[in-house]
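A quick write-up on the structure given underneath.
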Amino acid sequence: MSLCACVCVLKMEGRAGVRKPRAVPRSCKSLGLFPGAGGLALGTYLAGFEHVALVEWNEGACRTLRENATANVLPGVDRWKVLQDDVRD
C-alpha cells in the first residue's frame, strides 16, 4: 500500500465499506534498507513488523519519512528511527 493510499484510507474512515487499519502485535523486528518514501515500510508495519530503523540516502525520502513519523499517520509510526546514510558506509 502506498503512503498516499494509506493516508486516503485514514481520511475516509467512517465511510461505508472503509475500515481503519488496526494495530497488530509486533511479532518481528526489521531493518528497513532503501525504504524510499515508506510505502512498503507502512505495509510491513501494518502486517506486524517493528522497524528498528529505516536507512535511506535520499534527502527528500528521509524528509517524507520523518514528516509522516511526526504526523503519526498510524499509531506507533512516531517511534520510527530514520537514518539518512549510505548502507555502504
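Not measured: the values here are computed from a predicted model. For the single chain, residues carry numbers from 1 onward in sequence order.
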Q) Which pairs with one or both residues in residues 28-40 pass side-chain hydrogen bond (donor to acceptor under 3.5 Å, both in side chains), sequence neighbours excluded? A) Ser30-His51
Q) Looking at CG of Leu54 and CG of Leu33, how far apart are the two atoms once the value is rounded to the nearest 0.5 Å? A) 9.0 Å
Q) According to a 4.5 Å side-chain heavy-atom criterion applied to Ile, Leu, Val, Met, Phe, Trp and Tyr, with indirect links allowed, do Val55 and Phe34 form part of one hydrophobic cluster? A) yes
Q.
My understanding is that only one of Asp78, Val77, Asn72 makes a side-chain contact (heavy atoms from CB on, under 4.5 Å) with Leu74; could you say which?
A. Val77
Q: Taking the side chain as every heavy atom from C-beta outward, state whether Leu46 and Thr44 have any pair of such atoms under 4.5 Å apart.
A: no
Q.
Measuring from atom CG of Leu42 to atom CG of Asn68, what distance do you get when rounded to the nearest 0.5 angstrom?
A. 6.5 Å
Listed pairs under 3.5 Å, donor-acceptor, residues 82-89 side chains, sequence neighbours left out:
from	atom 1	to	atom 2	distance (Å)
Gln84	NE2	Trp57	O	3.4
Asp86	OD1	Arg88	N	3.0
Asp86	OD1	Arg88	NE	3.1
Asp86	OD2	Arg88	NE	3.3
Asp86	OD2	Arg88	NH2	2.7

Q. Just how far is it from atom CD of Glu59 to atom OG1 of Thr64, taken to the nearest 0.5 Å?
A. 10.5 Å
Q: Return the minimal non-hydrogen interatomic distance between Ala61 and Gly36, and the atom names on each side.
A: CB-O, 3.4 Å
Q: Compare every heavy atom of Ala37 with every heavy atom of Leu65, then report the nearest pair and how far apart it is.
A: CD2-O, 3.5 Å
